[in-house]
Engineer: 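Below is a structure I'd like to ask you about.
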Amino acid sequence: MSDDGLPEAAWTYLRALDAELSDVPSGTAEEIVADVRAHIADALDSGRSTGEILAGLGAARDVARQAREELGLPAQDRPARAGRTLSLVAVAVGVLIAVCVSFLLPSTVPVEPIQADAGEQGVLRRLGPGVALLTLLPALVAAAPLVAPARVRAGVRFAGATVLTMFACAAGETGLYYFPLALMAWVAAIVPWAVRRGAGGRWWRYLTGGFVAMPGVLVAVASAGGSVGIGWVGAALWIAGPLAAGALCAYGIRAGYAVTALAGALVMVLAMAERGFLFAAFWLFGGLYLALGAGAYTASQAADGDAAATPGPPAG
């Protein structure tokens, strides 16, 4: 059977293997994937089923680890990979916030309360493109760890998170928009450090689940007391949703982390589109959901990879 005729399950496996070898020199990684692809094609020609072949190979992570050992390549640094992923998320959040502050939010929300007629004078029109581009500086701070040398990368992450937090606290109303970026910067700094030291565990899952469920608990208490009236749709969205996501996170189910991150991003978008009296609360809770969900999801991936790479107990 030709390589082009491989079943979709085989191609999915090969793509996963290629992702596991992302830190290996490209030529070496291509050779490893090509060898596995040829093995799958030969096995299919001999009459074996795709499921049987893939089960015999084992997880793509295990194949990549075995290939590293045979070629004398260093083991994959999963905490560092988690840090890069979270730094990229932080940069994306920073860029989106900068675009919103410069082009979207000022059309309905004054960047400075003393500015009149903010609906017609955004940052770009009021102050010019040069000043508007300064809104990208926090995103550049979040991107610094991506280009920093490995030996100082952790320090750069913590320093950047500190700078972004100070900016968010000192920049008044404008700084409010950058609090989600500061949260993501702290997550990008803390998660690799925690995974490398084996910190977290059950108590971290419970803490994450509690934070995620908190809005649902608050709305449920307010609704029971009669201070907030919501229908069935509101109950499903604002009570059942957070409680269900919190339970998934508390049990360490990765889908719960992904749902939490996506819900946080959605809440932030809705807060910008439907600005109201509780804009700041929704914006900050959305940022917290995004940071917690992305951090927990990435940390669980890194921790699972490290556990698979060390099947036995550590030497005393």
Engineer: Which pair of heavy atoms, one from P138 and one from F167, lies closest together, and at what distance?
Structural biologist: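 Result for this residue pair: CG-CE2, 4.0 Å.
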Engineer: Taking all non-hydrogen atoms of both residues into account, name the closest pair between A148 and V156 and its distance.
Structural biologist: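 It is CB-CG2, 4.0 Å.
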Engineer: Tell me whether F211 at atom CZ has more than 12 heavy atoms from other residues, nucleotides or ligands lying less than 6.0 Å away.
Structural biologist: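 Atom CZ in F211 is not crowded, with 12 or fewer foreign heavy atoms closer than 6.0 Å.
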Engineer: Indicate yes or no for a side-chain donor-acceptor contact from W283 to the backbone of L176 under 3.5 Å, with no hydrogens or angles considered.
Structural biologist: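 Here the side-chain-to-backbone pair exists.
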Engineer: Quick test of your reading: applying ring pair (Phe, Tyr, Trp, His ring centres under 6.0 Å), list the pairs with at least one residue in residues 49-70, sequence neighbours left out, ordered by first then second residue.
Structural biologist: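 Output for this query is empty, none listed.
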Engineer: Using 0.5 Å steps for rounding, measure from the CH2 atom of W11 to the CD1 atom of I40.
Structural biologist: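 It is 9.0 Å, given to the nearest 0.5 Å.
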Engineer: Is F285 reachable from V212 through a run of hydrophobic residues whose side-chain heavy atoms are each under 4.5 Å from the next?
Structural biologist: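 No: no chain of side-chain contacts under 4.5 Å links V212 to F285.
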Engineer: Which distance, rounded to the nearest 0.5 Å, do you find between the CD of E30 and the CG of L21?
Structural biologist: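 Going from the CD atom of E30 to the CG atom of L21 covers 11.0 Å.
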Engineer: Quick one, D62 and R65 - any side-chain contact, counting heavy atoms below 4.5 Å?
Structural biologist: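 Side chain of D62 against side chain of R65, heavy atoms only: contact under 4.5 Å found.
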Engineer: Begin from the C-alpha positions of M268 and Y177 and carry the test side chain to side chain contact (heavy atoms under 4.5 Å, CB included) through to its verdict.
Structural biologist: CA-CA 10 Å; M268 291 176 65; Y177 303 129; over 6 Å; no
Engineer: What are the two closest heavy atoms between Y289 and P242, and how far apart are they?
Structural biologist: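 Here Y289 and P242 meet closest at OH-CB, 3.6 Å.
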Engineer: Could you tell me which non-hydrogen atom of L146 sits nearest to which non-hydrogen atom of R84, and how far apart they are?
Structural biologist: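 That would be CD2-O, 3.9 Å.
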Engineer: Rounded to the nearest 0.5 Å, how far apart are CE of M184 and CG of L288?
Structural biologist: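 CG of L288 is found 11.5 Å from CE of M184.
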Engineer: If you group Ile, Leu, Val, Met, Phe, Trp and Tyr by side-chain heavy-atom gaps below 4.5 Å, do V267 and V259 land in one group?
Structural biologist: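 No, V267 does not connect to V259 through the hydrophobic network.
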Engineer: Would you check if the side chain of R153 reaches a backbone N or O of P145 as a donor-acceptor pair within less than 3.5 Å?
Structural biologist: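 Side chain of R153 to backbone of P145: a pair is present.
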Engineer: Between C169 and T165, is any pair of side-chain heavy atoms under 4.5 Å apart?
Structural biologist: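 Of all side-chain heavy-atom pairs linking T165 with C169, at least one is under 4.5 Å.
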Engineer: With side chains defined as the heavy atoms from C-beta onward, is the minimum distance between L134 and L137 less than 4.5 Å?
Structural biologist: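 The answer is yes, as the side chains (C-beta and beyond) meet within the 4.5 Å cut-off.
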Engineer: Which atom pairs, one a donor and one an acceptor, fall under 3.5 Å between side chains of residues 85-94 and the rest of the protein, sequence neighbours left out?
Structural biologist:
unit_1, atom_1, unit_2, atom_2, d
T85, OG1, R81, O, 3.0
S87, OG, G83, O, 3.0
S87, OG, R157, NE, 3.2

Engineer: Under 4.5 Å between any side-chain heavy atoms of P7 and L44, yes or no?
Structural biologist: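 Yes, side chains in contact.
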Engineer: For the residue pair F158 and I190, establish whether any side-chain heavy-atom pair is separated by less than 4.5 Å.
Structural biologist: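 In short, these two side chains touch, coming nearer than 4.5 Å.
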Engineer: Could you report the tightest heavy-atom contact between G256 and L248, atom names first, then the distance?
Structural biologist: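 So the minimum-distance heavy-atom pair works out to CA-CB, 3.6 Å.
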Engineer: Side-chain heavy atoms under 4.5 angstrom apart, residues restricted to Ile, Leu, Val, Met, Phe, Trp, Tyr: same cluster for L57 and L17?
Structural biologist: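 Cluster IDs for L57 and L17 match.
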Engineer: So, D18 and R15, do they make that salt bridge, N to O below 4.0 Å?
Structural biologist: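 Salt bridge absent between D18 and R15.
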Engineer: Evaluate the side chain to side chain contact (heavy atoms under 4.5 Å, CB included) criterion for residues Y257 and T298: first the C-alpha distance (whole Å), next the side-chain angles of each, then the deciding distance (0.1 Å), finally the verdict.
Structural biologist: CA-CA 9 Å; Y257 303 142; T298 307; over 6 Å; no
Engineer: Side chains of L290 and P180, heavy atoms from C-beta outward: is any pair under 4.5 Å?
Structural biologist: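 No, every pair of side-chain atoms sits at 4.5 Å or beyond.
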Engineer: Using a 6.0 Å cut-off, check whether atom CD of E52 has over 12 heavy atoms from anything other than its own residue.
Structural biologist: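 For E52, atom CD is crowded (more than 12 foreign heavy atoms under 6.0 Å).
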Engineer: Decide yes or no for V191 and V195: does some side-chain heavy atom of the first lie under 4.5 Å from some side-chain heavy atom of the second?
Structural biologist: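 SC-SC contact between V191 and V195 confirmed.
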Engineer: State, with a plain yes or no, whether a side-chain heavy atom of L270 is found less than 4.5 Å away from one of F282.
Structural biologist: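 Result no, sub-4.5 Å side-chain heavy-atom pair not found.
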Engineer: Flag yes if L292 and Y297 sit in one hydrophobic cluster, no otherwise; membership is Ile, Leu, Val, Met, Phe, Trp, Tyr, and two members link when side-chain heavy atoms are under 4.5 Å apart.
Structural biologist: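 The answer is no; the residues belong to distinct hydrophobic clusters.
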Engineer: At their closest point, which heavy atom of P79 faces which heavy atom of P192, and how far apart are they?
Structural biologist: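 Residues P79 and P192, closest heavy atoms: O-CB, 3.4 Å.
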Engineer: Working to the nearest 0.5 Å, report the span between CG of L181 and CD1 of I97.
Structural biologist: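 If I round to the nearest 0.5 Å, the distance is 5.5 Å.
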Engineer: Applying the 4.5 Å side-chain criterion to the ILVMFWY set and letting contacts propagate, would L54 and I32 be lumped into a single cluster?
Structural biologist: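 Same cluster.
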Engineer: To the nearest 0.5 Å, how far apart are OH in Y13 and OG1 in T50?
Structural biologist: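 If I round to the nearest 0.5 Å, the distance is 13.0 Å.
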Engineer: State the OH-CG distance between Y178 and L183, to the nearest 0.5 angstrom.
Structural biologist: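 Reported to 0.5 Å precision, the distance equals 15.0 Å.
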Engineer: Show the numbers, then the answer: is there a side chain to side chain contact (heavy atoms under 4.5 Å, CB included) between L218 and M214?
Structural biologist: CA-CA 6 Å; L218 294 177; M214 186 185 302; 4.0 Å; yes
